[in-house]
Amino acid sequence: MDEKRIEQEGFWLWLCSAPGLYCRQLQMLTDYFGTPRAVYEAPEKEFEVWKKKNVAWINRLLDFRKGYSPEEVCHIVKEKGIQFRSREHPGFPVRLRELSDCPAGLFFFGELPQGNIPAVAVVGARECSSYGKRMAVELGETLADAGVQVISGLALGIDGYAQRAALDAGGKSYGVLGCGVDICYPWENRTLYVDVQRQGGVLSEFPTGTRPLAYHFPMRNRIISGLCDAVVVVEAREKSGSLITADLALEQGREVYAVPGRSKDVLSRGCNRLIAQGAGVVLSPEQLLEELHFQKRSQKKEKKTQLTLAPEEKRVYSNLDLSPKGPEEISVRSDVPVERLGGILLSLILKGLAEESSKNHYIRVK
Amino acid sequence: MAGFIIIINLAFFAHICYDDITNHKSRRIAIFHTSNFIRVKSGSFLRVKRINGKEQNLFSTVVSAAINGIESKKVMVEADVSDGMPVFSMVGFLASEVKEAQDRVRTALKNSDIHLPAKRITVNLSPADLKKAGSGFDLPIAIAVLASLGYIPQESLKGILFAGELSLNGEINDIRGVMEIVSGAAGFGCHTCVIPQSNLREGSVIRGVRVLGAKSIKQVLYFLTGEGTLAETSINIEEIRSRQEEKTGVDFSEVQGQALLRRAAEVAVSGLHNLLIIGPPGSGKTMTARRIPTILPQTTLEEALEISKLHSIAGILPEEVGLRTVRPFRSPHHTITPIALAGGGSCPKPGEVSLAHRGVLYLDELPEFEKNTLEILRQPLEEGKISISRNTGSYLFPADFMLVASMNPCKCGYYPDRNRCSCSVREVKRYLNHISQPLLDRIDICVEAKPILYEELKSFHGGENSSQIRERVTQAQKIQQFRYQGTKYRFNSDLSAAGIKKYCTLGKEEEELMREAFEKLNLTARSYNRILKVARTIADLEGEEYISTTHLGEAVCYRALDKKYWMERM
């Protein structure tokens with residue numbers, strides 16, 4: 001029985017590795033032939049149906065069939081240290097199996113998300129504001145702290161911040177890629193790409209070596225939303241990939257939450273619209289946990305130790321918030337001359353109360 | 001009787017027409033060469049050596065000078081008139097503008113009613129291995145030719161240096177580099193310089209040499225034969241200074257708000273640190289940069305002379321100025337070539353870096369400059385001079401300037417305001433990557449300029465003016481001069497790692513702060529050193545002996561962008 005399954009997995013791996021074939025085509029093939037093994041072993045004339053339709057992918061499949069045997073493919077993938085689970089494997093994520101467009105198999109590094117542990121996707125804009133960054137970090141931290149698996153797309157901006165925060169809090173995080181699992185995209189997140197494999201995993205339905213093409217990402221998004229119980233959109237423009245994820249999540253019967261923002265902020269318009277359409281509102285990460293009925297695992301000690309601040313420091317601190325401010329603005333509002341402001345800001349930064357979000361722009365941290 | 005008999009000999013006929021400018025009276029002088037003497041019709045006598053046969057004055061020498069790089073070199077202009085085919089030949093390693101002088105000289109003399117005889121005229125400019133360029137040799141060539149023809153007594157040329165360009169009608173036009181020529185004259189053993197009238201103010205700045213301005217070749221001839229005088233002028237340097245300062249017309253009080261930028265500029269100027277201003281369009285980057293020369297300490301006389309000489313050689317010293325006491329502000333466009341920035345040409349002329357000497361070189365839109373153009377800046381920023389090698393030799397130009405650069409934070413200019421900027425992180429990085437790290441390493445102060453806020457505008461009651469800021473700056477620089485007496489340093493920005501250790505000592509509390517900041521802010525050793533240098537300057541500006549935590553905090557605020565920390569990292 002086990003041997004048979006291993007053999008089956010080999011054929012699944014072979015079929016999923018065929019370049020240029022996506023979920024829909026794989027579904028069609030397995031529906032027609034019954035098993036991936038049958039696809040490999042069928043005589044060429046069986047494919048006439050598609051050949052007549054003159055579809056491009058069928059020739060690619062036939063070329064691939066001629067060029068690679070399941071053993072070869074298995075060897076290549078193993079050599080790269082990549083693991084594979086077909087949808088028939090018992091270890092395949094349960095949540096995904098429910099989907100109508102469930103991927104035929106998943107390539108991954110590390111491990112796959114576990115079905116019996118709650119999972120939340122945190123998604124949002126790549127070019128985020130420091131408000132978005134702060135919210136993503138807090139969500140990632142709180143969720144990881146509650147033992148929730150944080151799932152996202154390993155992209156720049158919100159995705160990356162949330163995942164990084166989850167890892168830093170000692171939680172588990174999973175990155176779903178829109179390219180082959182052996183390709184690190186975006187390159188800027190290479191350290192995250194490596195770290196996430198240790199505390200979770202990187203997964204993709206695309207064969208190894210697939211390039212990150214634009215139309216892969218909506219497909220990737222359905223896996224993100226499919227893998228989790230709820231999707232949280234942190235920041236999104238009015239036309240945004242994160243909104244696609246939210247739509248898919250609704251179709252898949254997942255909860256959708258959005259972090260509200262100011263109505264004038266371009267980056268919050270998508271989120272605010274979601275809320276208008278009935279998405280849940282994230283008032284705070286803790287409130288989100290309650291809403292989802294997740295238990296806080298470690299009772300985080302409320303660090304309310306009153307820091308003693310000098311009067312000027314207090315004035316400056318009270319004028320900081322999550323939108324980055326320049327020294328002139330802080331100086332005018334807090335009535336501290338610019339010459340002394342640098343010293344005060346430095347001491348606030350060193351106390352962990354403020355941060356320089358970008359050159360000469362300061363935000364409040366706590 | 002013999003003295004008054006005029007024998008007209010057509011073969012030795014020469015005719016000169018003078019317009020007496022001083023008397024507004026035209027008088028006509030005819031000079032008749034006879035075999036024995038020259039007589040003048042109107043009665044006045046040209047004191048020319050008797051020309052008769054063997055004693056004829058056929059060879060003459062005149063002193064002039066060539067600008068070689070930024071130095072003037074003595075050039076002897078020799079002329080010889082001999083029998084033979086009527087040719088005007090010139091030798092002596094001449095650039096084409098000097099070769100063309102023969103046509104100008106001949107025509108100018110003709111139009112001054114001096115007809116050259118049909119003789120072979122040879123002009124030599126020695127030393128023969130020095131390339132002679134520039135238009136200043138027309139006058140000395142003309143004088144040498146006239147002297148060898150006997151119009152001017154050779155003795156009267158002793159100790160006089162001539163320089164000037166001739167116009168076809170006999171007038172003398174202005175030339176470049178007069179100040180340097182005049183200041184070199186004493187070294188050539190000259191007591192008098194005859195230069196174009198339009199360069200007279202510039203030349204008169206130099207003391208120790210009598211400087212005369214001439215408008216036309218006739219005036220010079222008159223002067224040399226004792227018939228007339230040439231213009232002289234005296235220069236009052238203080239008066240020039242006050243007049244020029246009024247004229248620049250820009251003042252720091254016009255910069256509204258921008259408290260941080262103003263302060264950063266003041267600190268930068270105090271320690272002569274290079275400054276980078278980052279900000280969106282319309283935040284007053286250029287406006288502030290333009291006012292930086294007004295808060296630099298006043299030029300000393302030597303500095304003014306250095307600036308003026310360079311500008312005179314480059315031909316950009318205005319005629320009426322004479323001495324440039326205002327510090328230069330050069331802002332080359334970003335399409336500038338490396339040669340134009342560094343200086344060059346076959347006979348190298350100073351480039352923008354040298355024209356900004358003792359002033360400010362402002363590079364607007366820094367990332368738009370070609371990379372190899374910016375690489376030129378490395379030597380001047382390090383050594384305060386630039387060396388240029390050409391086939392005519394290698395030259396060293398002074399280029400001790402304060403670099404002020406400005407740039408947008410990203411291509412669209414509004415990062416990190418995400419409501420206006422939609423540049424991707426990658427685009428922002430690509431934009432910043434245009435600037436090379438070695439250049440950034442030489443910029444100590446980097447500050448962000450934000451668009452002015454309404455609150456600032458409202459609470460703005462006219463900022464300090466330039467002279468108030470200048471006072472503080474001058475004081476801070478004096479402290480540095482005193483501290484660095486007898487060392488190789490002049491300003492805090494010059495400090496090397498060893499110098500930082502010696503002069504930027506920290507107390508216990510300060511050291512603790514920097515240790516924490518080093519870890520928390522991911523500082524590098526290089527940025528740490530720069531923070532200390534800037535903190536030293538801030539302490540000097542406040543007149544304090546020891547660096548305090550406030551000074552360090554402010555310096556941290558100005559820390560230059562290390563590309564690594566410019567963008568938030570994953």
Side-chain angles (χ1 to χ4, degrees), chain A residues 125-133 154 156-157 159-161 163-164 186-193 195 235 237 262 264-268 323-333 335 337-352 355-362, chain B residues 257-264 266-267 278-279 409 415-429 446-453 455-456 458-459 512-513 516-517 519-521 538 541-542 548-561 565-570:
Chain A
R126 274 169 296 171
E127 285 80 49
C128 60
S129 68
S130 44
Y131 163 70
K133 179 185 174 184
L154 216 65
L156 294 175
D159 290 21
Y161 290 128
Q163 292 196 277
R164 168 58 71 196
W187 179 242
E188 286 88 336
N189 277 356
R190 55 194 176 279
T191 49
L192 182 63
Y193 173 80
D195 292 348
E235 264 191 323
R237 285 167 197 274
R262 292 188 294 199
K264 287 284 181 196
D265 280 357
V266 183
L267 273 166
S268 288
S323 61
K325 286 197 177 69
E328 286 97 348
E329 195 176 348
I330 303 168
S331 160
V332 171
R333 299 227 166 116
D335 199 23
V338 151
E339 303 92 273
R340 279 220 296 285
L341 194 62
I344 293 167
L345 284 168
L346 179 62
S347 96
L348 286 176
I349 290 170
L350 294 182
K351 280 175 183 152
E355 209 171 76
E356 192 171 6
S357 64
S358 64
K359 175 76 190 157
N360 284 163
H361 286 81
Y362 301 89
Chain B
Q258 297 292 15
L260 184 73
L261 187 50
R262 292 171 67 103
R263 172 75 181 174
E266 186 180 331
V267 174
I278 303 169
Y415 182 85
D417 181 356
R418 281 306 191 179
N419 280 334
R420 299 178 82 173
C421 165
S422 58
C423 295
S424 73
V425 174
R426 212 167 284 175
E427 280 171 325
V428 177
K429 272 194 182 157
C446 168
V447 73
E448 170 101 16
K450 291 199 87 179
I452 187 163
L453 297 167
E455 283 125 308
E456 269 188 290
K458 213 172 63 173
S459 64
E512 181 62 23
L513 180 88
E516 266 184 71
E519 282 162 19
K520 192 116 185 177
L521 303 175
I538 296 169
L541 199 53
E542 308 282 325
S548 78
T549 50
T550 315
H551 304 150
L552 285 170
E554 196 182 343
V556 166
C557 209
Y558 300 139
R559 77 179 184 282
L561 69 126
Y565 306 112
W566 174 244
M567 302 289 310
E568 56 264 71
R569 275 185 314 161
M570 274 288 97

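Letters A, B, ... are given to chains in the order of the sequence lines, protein chains preceding strands, and every chain is numbered from 1. Just so you know, these numbers use all the heavy atoms, side chains as well, and skip hydrogens, waters and symmetry mates.
Contacts between A:P337 and chain B at a heavy-atom distance below 4.5 Å are absent for every atom of the residue. For A:E355, no part sits under 4.5 Å from any heavy atom of chain B, backbone or side chain. With a threshold of 4.5 angstrom between heavy atoms, B:V267 does not approach chain A through any atom at all. For A:I349, the parts lying near chain B are the backbone and the side chain together; criterion is any non-hydrogen pair under 4.5 Å. Heavy atoms closer than 4.5 Å to chain A are found in both the backbone and the side chain of B:L513. Of the two parts of A:R333, only the side chain, counted from C-beta on, holds a non-hydrogen atom closer than 4.5 Å to a non-hydrogen atom of chain B. B:S422 touches chain A through backbone and side chain together, each having a heavy atom under 4.5 Å away. When heavy atoms are compared at a cutoff of 4.5 Å, A:P324 approaches chain B solely by way of its backbone atoms N, CA, C and O.
To the nearest 0.5 angstrom, B:L260 atom CG is 5.0 Å from A:E328 atom CD. Separation of atoms CD1 (B:I278) and CG (A:N360) is listed at 8.0 Å; rounding is to 0.5 Å.
B:P409 places none of its side-chain heavy atoms less than 4.5 Å from the side chain of A:K359. When side chains are defined from C-beta on, B:R559 counts as touching A:E356, because their heavy atoms get closer than 4.5 Å. Side-chain contact between B:L521 and A:L346 is present, with heavy atoms from C-beta onward closer than 4.5 Å.
Environment of CZ in A:R262: sparse, with no more than 12 heavy atoms of neighbouring residues, nucleotides or ligands closer than 6.0 Å. Residue A:R126 qualifies as open at atom CZ: its count of foreign heavy atoms under 6.0 Å is 12 or below.
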Stepwise, does the side-chain contact (heavy atoms from CB on, under 4.5 Å) test hold for A:E339 with B:E266? CA-CA 11 Å; A:E339 303 92 273; B:E266 186 180 331; over 6 Å; no

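Heavy-atom minimum distance, B:N419 versus A:V266: OD1-N, 2.9 Å. Among all heavy-atom pairs drawn from B:E516 and A:L350, the shortest one is OE1-CB, 3.7 Å. Closest approach of B:A259 to A:V338, counting heavy atoms only: CB-CG2, 3.6 Å.
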